[in-house]
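Quick one: structure below, then a few questions.
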Amino acid sequence: MSLLLALLLDALLGEPPARLHPVVWMGRYLAWAWGRVRGFGSGAFYWTLGALLFTLPALLLDLLLRPLAWGGLLLGLLLKPLFSLRMLLAEVAGVERALGEGLGEARKRLSGLVSRKTGDLSQEEVREAALETLAENLSDSLVAPLLYYALFGLGGAALYRYANTADAMWGYPEHGARGAFAARADDLLNLLPARLTGLLLCPPRLWGRLWEEARKTPSPNAGFPMAALALALGVRLRKRGAYALNPDAPSPTPRHLSAGLRRVGLLGYGVGVALGVALHLLGR
């Protein structure tokens, strides 16, 4: 029941205010700790310290609330900020709307969603990057945290969200050993969710090609949902100088982006409902 309530809150209300958002608190801690990280060892120490600070309270709250008659209501309220689908769909749709206002505006909007430089991207590349982040974040922002909640409760979702936020802030290759622990921890936690998301996004008849295309990206995980969406929509997705997924297909059009948003939205909420019903039937 808690997971279903959290999905309803996401669909109707979206994100809580920043001052109440645990992911914002995680980001503030990570920004403070980064100034103290000198290498791999200190990076591992401060990553672990933050994981304990955010995961242990979530574990204790789960243990205290789950036996209570109204505990599911509070767990749903606490779970909601640890995943996001409505915001993801809105942000990616906003990139397409910005393209109608001008390429410069769309590049600026996209820069808040991706790590690559967007200042010289073409209209085609902007739309391709928007679809890539849509697919990757279906795994990172929804499937993974809900899967870890289903497996390990609120503490599992909190740990995943912390690890993913740490990777987004510390895990860049140019950070070298300082961010290596955060990057590897995120890779490990995403091994299962990324592949599951890819299989769910991709038509079964194309699963063989999915594995082939996914291996083209430097990330051990992100290629699976991105390649799955490229194959499902029949479009090419690429990062200049790095990879091209489904390279013989055309670049996406506005119609493809709309189809991608529908597919990701239906799949995302569908996965959440299925997990929620399963947990309810199991008495969790």
Side-chain angles (χ1 to χ4, degrees), residues 23 27 30 40 43-44 47 83-85 88 91-92 95 110-118 121 125-148 159-202 206-233 235-247 249 252 260 264 267-268 271:
V23 178
L30 289 162
F40 182 85
W47 186 98
F83 74 91
S84 177
L85 183 57
L88 171 63
E91 290 296 323
V92 173
V95 173
L110 180 66
S111 67
L113 299 177
V114 299
S115 58
R116 74 188 67 175
K117 295 180 180 178
T118 63
L121 295 184
E125 289 173 313
V126 166
R127 194 171 285 124
E128 289 170 10
L131 280 171
E132 286 187 3
T133 198
L134 177 67
E136 183 178 1
N137 279 288
L138 173 61
S139 177
D140 291 356
S141 297
L142 184 95
V143 174
L146 293 190
L147 180 62
Y148 281 107
L159 176 62
Y160 173 79
R161 205 70 193 132
Y162 170 78
N164 190 243
T165 305
D167 178 62
M169 295 179 67
W170 293 8
Y172 293 101
E174 57 266 31
H175 290 162
R178 294 177 71 202
F181 187 89
R184 299 293 79 77
D186 183 72
D187 287 344
L188 180 63
L189 289 172
N190 275 302
L191 284 173
L192 176 59
R195 285 152 182 78
L196 177 61
T197 303
L199 291 173
L200 292 172
L201 264 179
C202 186
L206 296 174
W207 281 355
R209 285 197 61 198
L210 171 62
W211 249 251
E212 176 185 339
E213 294 294 324
R215 289 196 295 266
K216 293 179 179 179
T217 65
S219 167
N221 298 313
F224 285 90
M226 293 193 303
L229 190 59
L231 292 169
L233 297 177
V235 298
R236 176 189 64 214
L237 299 179
R238 58 187 162 154
K239 182 176 182 180
R240 193 187 302 175
Y243 58 81
L245 305 174
N246 201 20
V264 165
L267 176 61
V271 167

**OP:** Verify side chain to side chain contact (heavy atoms under 4.5 Å, CB included) between Leu147 and Leu192, making sure each step is shown before the conclusion.
**Re:** CA-CA 9 Å; Leu147 180 62; Leu192 176 59; 3.9 Å; yes
Original post:
For the residue pair Leu201 and Pro225, what are the closest heavy atoms and their distance?
Top reply: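 Answer, listing the atom of Leu201 first, then Pro225: CD1-O, 3.7 Å.
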Subject >> Summary of salt bridge (Lys or Arg N to Asp or Glu O under 4.0 Å) pairs that have at least one residue in residues 171-192, sequence neighbours excluded >> reply: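 Sorted pair list: Arg184-Asp187.
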Original post:
Which of parallel (below 30°), tilted (30 to 60°) and perpendicular (above 60°) describes Tyr148 and Tyr160?
Top reply: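 Geometry flag for Tyr160 against Tyr148: parallel rings.
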Original post:
Got a sec, which pairs hit side chain to side chain donor-acceptor pair (under 3.5 Å) with one end in residues 217-233, sequence neighbours left out?
Top reply: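 Side chain to side chain donor-acceptor pair (under 3.5 Å) check on residues 217-233 returns Arg195-Asn221.
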Original post:
Run the side chain to side chain contact (heavy atoms under 4.5 Å, CB included) check on Asn246 and Val235 step by step: do they pass?
Top reply: CA-CA 7 Å; Asn246 201 20; Val235 298; 5.7 Å; no
Subject >> Asn190 CG to Leu196 CG distance, which is reported to the nearest 0.5 Å >> reply: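 Reported value, rounded in 0.5 Å steps: 11.5 Å.
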Subject >> Gly260 to Leu229 - nearest heavy-atom pair and separation >> reply: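 Heavy atoms only, the tightest pair is CA-CD1, 4.4 Å.
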Original post:
What's the shortest heavy-atom distance between Ala228 and Cys202, and which atoms?
Top reply: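 Scanning both residues, the minimum pair turns out to be CB-CB, 3.7 Å.
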Which atom pairs, donor and acceptor, lie under 3.5 Å between side-chain atoms of residues 165-172 and protein residues at least two apart or in another chain?
residue : atom : partner : partner atom : Å
Thr165  : OG1  : Arg161  : O            : 2.7
Trp170  : NE1  : Leu30   : O            : 3.3
Tyr172  : OH   : Ala168  : O            : 3.3

Original post:
Tyr162 side chain to Trp47 main-chain N or O, any donor-acceptor pair under 3.5 Å?
Top reply: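 Indeed, once roles are kept as given, a pair shorter than 3.5 Å links the two residues.
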Return a table of donor-acceptor pairs under 3.5 angstrom between the side chains of residues 129-138 and protein atoms on other chains or two or more places apart.
residue : atom : partner : partner atom : Å
Glu132  : OE1  : Arg116  : NH2          : 2.6
Glu132  : OE1  : Tyr243  : OH           : 2.8
Glu132  : OE2  : Arg238  : N            : 3.2
Glu132  : OE2  : Tyr243  : OH           : 3.4
Thr133  : OG1  : Leu113  : O            : 3.3
Thr133  : OG1  : Asn137  : ND2          : 2.9
Asn137  : OD1  : Ser141  : OG           : 3.3
Asn137  : ND2  : Thr133  : O            : 3.0

Original post:
From Thr197 OG1 over to Phe224 CZ, what is the distance, rounded to the nearest 0.5 angstrom?
Top reply: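 Between atom OG1 of Thr197 and atom CZ of Phe224 there are 11.0 Å.
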Original post:
Atom CG of Leu110 and atom CZ of Arg127: how far apart are they, to the nearest 0.5 Å?
Top reply: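 Answer for the CG-CZ pair, Leu110 versus Arg127, is 11.5 Å.
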**OP:** Over all heavy atoms of both residues, which pair between Ser111 and Thr118 is shortest? Give the atoms and the distance, please.
**Re:**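 Scanning both residues, the minimum pair turns out to be CB-OG1, 3.5 Å.
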Original post:
side chain to side chain contact (heavy atoms under 4.5 Å, CB included) with Asn164: which of Leu159, Leu189, Asp140?
Top reply: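 Result for side chain to side chain contact (heavy atoms under 4.5 Å, CB included) with Asn164: Asp140.
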Original post:
Pro145 and Ser139: which non-hydrogen atoms are nearest, and at how many Å?
Top reply: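 Closest pair (atom of Pro145, atom of Ser139, distance): CD-O, 4.0 Å.
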**OP:** Rounded to the nearest 0.5 Å, what's the gap from CD on Glu212 to CG on Leu231? Could you check?
**Re:**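 Nearest 0.5 Å value for the CD-CG distance: 9.5 Å.
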**OP:** For Arg209, enumerate each residue passing the salt bridge (Lys or Arg N to Asp or Glu O under 4.0 Å) test, keeping only those at least two apart in sequence or located in another chain.
**Re:**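 Glu213.
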Subject >> All salt bridge (Lys or Arg N to Asp or Glu O under 4.0 Å) counterparts of Arg236, not counting sequence neighbours >> reply: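 Partners of Arg236 under the salt bridge (Lys or Arg N to Asp or Glu O under 4.0 Å) test: Glu124, Glu128.
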